[in-house]
Amino acid sequence: VYLFLTPAEPNEVLLRSAKLALETARTAGAVRYSESLFRDAEKLINAGWMEMSYQNGRLAPLRDYEKSDSLLMQAIKTASEATTNTQQSLSDLRTTVHNERQDLKDELNSWLQALNGSLAKLSLNRYWSMADLSAKQADRLVVAGEYADAREEMALSRTWLAKLATSMD
């Protein structure tokens, strides 16, 4: 008789918490820097929500939300892990990019001093200018927090410096 009077209720708070944890991970950048964990959390939330819906369709005394609760708790844990991994990846990438930026600036300045009078040659001037332009674009990307793209721009800058070095020979 007790089961008929007090059927199990879905844990809506747990569902909202899981969605909030996933949104926090998305905001932190997990889609880009910890995609597999983020996608796993999404799947777990969907599975928990589907299980909750399945239980809602059953007769009240037969409802058991333990599985949906478990899936949603796992989703929260996975989304939190994705957020943590993203923050660590961004921190590591930020440090790497700042070190590479400084090295690139030093290299550009070194080349500028070495080429002091030789920049009269159009191709050498163009190579150095392109390298400098890529380095400045990398700086703007770093300020915007786009560290992976900044690394690509720094690599492009180094490519232009390599062409400059080959042209000097």
Side-chain angles (χ1 to χ4, degrees), residues 1-108 130-161:
V1 172
Y2 179 73
L3 287 175
F4 287 105
L5 297 177
T6 58
E9 291 293 325
N11 194 339
E12 295 291 335
V13 172
L14 195 56
L15 179 61
R16 282 194 301 275
S17 295
K19 287 181 178 182
L20 180 63
L22 188 68
E23 188 55 39
T24 301
R26 181 188 324 277
T27 303
V31 174
R32 183 172 187 177
Y33 295 103
S34 190
E35 185 178 6
S36 63
L37 281 172
F38 181 82
R39 298 295 175 211
D40 289 346
E42 268 184 332
K43 289 175 189 172
L44 286 166
I45 288 173
N46 288 335
W49 180 74
M50 292 301 291
E51 177 62 24
M52 192 180 285
S53 296
Y54 169 74
Q55 292 300 328
N56 283 339
R58 296 179 74 188
L59 291 174
L62 302 177
R63 292 179 185 162
D64 181 11
Y65 293 100
E66 189 174 316
K67 183 176 178 183
S68 66
D69 290 352
S70 175
L71 288 166
L72 293 172
M73 288 298 292
Q74 186 62 34
I76 292 170
K77 181 180 179 238
T78 305
S80 296
E81 191 176 331
T83 302
T84 302
N85 284 0
T86 297
Q87 290 168 340
Q88 183 61 46
S89 294
L90 281 172
S91 176
D92 294 347
L93 195 53
R94 189 177 303 119
T95 301
T96 301
V97 166
H98 284 295
N99 291 339
E100 288 177 358
R101 261 178 68 205
Q102 190 56 49
D103 291 346
L104 181 60
K105 284 181 181 182
D106 292 345
E107 192 174 348
L108 279 167
M130 292 303 291
D132 188 46
L133 181 66
S134 292
K136 288 177 181 173
Q137 179 63 22
D139 288 345
R140 285 189 284 279
L141 289 166
V142 166
V143 169
E146 296 294 331
Y147 301 109
D149 292 338
R151 290 188 81 198
E152 289 177 20
E153 280 298 320
M154 287 189 287
L156 180 61
S157 182
R158 281 197 166 53
T159 301
W160 285 112
L161 289 176

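Since the structure is predicted, the reported quantities are computational estimates derived from the model, not experimental observations. Throughout, residue positions are numbered sequentially from 1 according to the sequence presented.
Taking CE of Met130 as the start and CG of Leu161 as the end, the distance is 11.5 Å to the nearest 0.5 Å. Atom-to-atom distance recorded for Leu37:CG and Glu81:CD is 5.0 Å, nearest 0.5 angstrom. Once rounded to the nearest 0.5 Å, the distance linking CG of Asn46 with CD of Glu51 reads 13.5 Å. To the nearest 0.5 Å, atoms CD (Glu35) and OG1 (Thr86) are separated by 10.5 Å. Separating the CG atom in Asp106 from the CZ atom in Arg101 is a distance of 12.0 Å, to the nearest 0.5 Å. We find the CE-CG distance between Met50 and Leu71 to be 12.0 Å, quoted to the nearest 0.5 Å.
Pairing each heavy atom of Asn85 with each of Ser34, the nearest pair is CB-OG, 3.7 Å. Between Ala82 and Ala25 the shortest heavy-atom distance is CB-CB, 4.4 Å. Scanning both residues, Ala131 and Ser157, for their nearest heavy atoms gives O-OG, 2.7 Å. Between Ala75 and Ala18 the shortest heavy-atom distance is CB-CB, 4.4 Å. Contact detail for Ala135 and Leu108: the closest heavy-atom pair is CB-CD1, 3.4 Å. Nearest heavy-atom pair across Val97 and Tyr147 is CG2-O, 3.7 Å.
Here the side chains of Leu93 and Tyr33 are in contact, with some heavy-atom distance below 4.5 Å. Here the side chains of Lys19 and Arg16 are not in contact, with every heavy-atom distance at 4.5 Å or above. The shortest side-chain heavy-atom distance between Leu72 and Trp49 does not fall under the 4.5 Å cut-off. Side-chain contact between His98 and Thr95 is absent, with no heavy-atom pair separated by less than 4.5 Å. Looking only at side-chain heavy atoms (C-beta outward), Tyr65 and Asn11 stay at 4.5 Å or farther from each other. Considering only heavy atoms from C-beta on, Leu156 comes within 4.5 Å of Glu153 through its side chain. Side-chain contact check for Leu104 versus Glu100: every heavy-atom pair is 4.5 Å or farther apart. Glu107 has its side chain within reach of Arg158: a pair of non-hydrogen atoms, C-beta onward, lies under 4.5 Å apart.
When the options Arg151, Met154, Glu146 are evaluated for a side chain to side chain contact (heavy atoms under 4.5 Å, CB included) with Leu141, the one that passes is Glu146.
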Checklist entry - Step by step, would you call Lys105 with Asp139 a side chain to side chain contact (heavy atoms under 4.5 Å, CB included)? => result CA-CA 10 Å; Lys105 284 181 181 182; Asp139 288 345; 3.5 Å; yes
Next on the checklist: For Gln88 and Asp92: C-alpha separation, side-chain torsions, deciding distance, then whether side chain to side chain contact (heavy atoms under 4.5 Å, CB included) applies.
Outcome noted: CA-CA 6 Å; Gln88 183 61 46; Asp92 294 347; 2.8 Å; yes
Next on the checklist: Apply side chain to side chain contact (heavy atoms under 4.5 Å, CB included) to residues Glu12 and Leu15 and explain how you reach the verdict.
Outcome noted: CA-CA 5 Å; Glu12 295 291 335; Leu15 179 61; 4.0 Å; yes
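Checking side-chain atoms of Ser70 against main-chain N and O of Glu66 turns up no donor-acceptor pair under 3.5 Å. In this structure, Ser80 contributes its side chain and Ile76 its backbone to a donor-acceptor pair below 3.5 Å.
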